Amino acid sequence: KCLRECLKDTDQQLVDSTLRILSLMFGTLSGTMAREIHEIIVRHLISWYEESQHTAIEHGLKIIPVLPVIYQFRFLHHIHIQVSTHWIRYNERVLEDIFDGCFTLLELSYTSMSSSITPIHYVS
């Protein structure tokens with residue numbers, strides 16, 4: 001919970017340090033640790049998306065204000081690559097939780113207004 005709160009902080013140095021800590025923790029390749037880290041990132045991104053205002057697609061993606069979030073989406077993408085590469089190390093329950101979290105985040109793209117930027121835009 002504390003790491004998720006650190007990701008919400010306005011101090012960019014604290015956010016970067018938190019992402020480094022999560023990355024080091026993920027490097028252990030422990031199944032329960034991977035699930036916990038994935039859950040922290042996904043819950044943070046879902047709450048960020050639900051609480052913030054999003055620009056319309058016709059205005060394009062303004063990268064500077066959302067740069068920390070793009071780093072978090074990149075880290076989430078890195079987790080997905082590692083999980084798919086080393087899937088044999090994780091039990092079935094861990095994989096189900098990771099995929100459910102991913103689908104929950106991407107599901108926001110279909111429940112929101114189609115003219116605004118959605119999580120699928122940030123992932124791509």
Side-chain angles (χ1 to χ4, degrees):
K1 185 175 179 178
C2 294
L3 291 173
R4 198 162 35 125
E5 292 299 318
C6 289
L7 289 173
K8 292 181 181 181
D9 201 274
T10 56
D11 181 13
Q12 186 56 40
Q13 188 174 8
L14 180 62
V15 173
D16 291 343
S17 297
T18 304
L19 284 175
R20 277 192 212 101
I21 289 169
L22 289 173
S23 178
L24 289 172
M25 290 168 55
F26 183 76
T28 64
L29 290 177
S30 162
T32 54
M33 190 64 72
R35 178 177 43 207
E36 293 290 325
I37 293 169
H38 187 269
E39 184 179 337
I40 289 169
I41 295 290
V42 167
R43 285 185 182 202
H44 167 69
L45 290 173
I46 288 172
S47 68
W48 170 82
Y49 184 77
E50 291 174 342
E51 294 171 1
S52 62
Q53 296 288 337
H54 305 286
T55 58
I57 291 176
E58 57 263 7
H59 297 126
L61 179 60
K62 297 178 182 167
I63 231 97
I64 299 301
V66 293
L67 198 55
V69 175
I70 290 176
Y71 290 145
Q72 294 165 21
F73 272 107
R74 283 181 52 200
F75 180 61
L76 184 66
H77 180 66
H78 174 71
I79 290 174
H80 293 153
I81 289 172
Q82 291 300 316
V83 166
S84 65
T85 303
H86 304 291
W87 64 272
I88 198 75
R89 296 181 184 176
Y90 305 113
N91 66 34
E92 188 175 324
R93 182 67 188 156
V94 170
L95 292 174
E96 285 177 11
D97 290 344
I98 289 175
F99 290 134
D100 286 344
C102 179
F103 292 139
T104 302
L105 179 63
L106 295 178
E107 189 177 65
L108 295 174
S109 300
Y110 297 105
T111 58
S112 65
M113 296 172 44
S114 61
S115 65
S116 65
I117 295 176
T118 61
I120 197 115
H121 292 104
Y122 291 109
V123 170
S124 62

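None of these values were measured; they are calculated from a predicted model.
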Do Leu45 and Leu7 come within less than 4.5 Å of each other through their side chains, counting heavy atoms only? no
State the CD1-CZ distance between Ile41 and Arg74, to the nearest 0.5 angstrom. 13.0 Å
Distance, nearest 0.5 Å, that separates CD1 of Ile40 from CZ of Arg35: 12.5 Å
Applying side chain to side chain contact (heavy atoms under 4.5 Å, CB included) to His80 and not counting sequence neighbours gives His38, Leu76, Ile98, Cys102
Can you list the residues that meet the side chain to side chain contact (heavy atoms under 4.5 Å, CB included) rule with Arg43, with sequence neighbours excluded? Arg4, Glu39
Residues 17-24, side-chain donor-acceptor partners within the protein, below 3.5 Å, at least two apart:
| residue | atom | partner | partner atom | Å |
| --- | --- | --- | --- | --- |
| Ser17 | OG | Gln13 | O | 3.0 |
| Thr18 | OG1 | Leu14 | O | 2.8 |

What's the verdict on side chain to side chain contact (heavy atoms under 4.5 Å, CB included) for Ile37 and Phe75, showing C-alpha distance, side-chain angles and the deciding distance? CA-CA 10 Å; Ile37 293 169; Phe75 180 61; 3.9 Å; yes
Identify, with sequence neighbours excluded, every residue that meets ring pair (Phe, Tyr, Trp, His ring centres under 6.0 Å) alongside Phe73. Tyr122
Listed by chain and number, what are the side-chain hydrogen bond (donor to acceptor under 3.5 Å, both in side chains) partners of Asp100, not counting sequence neighbours? none
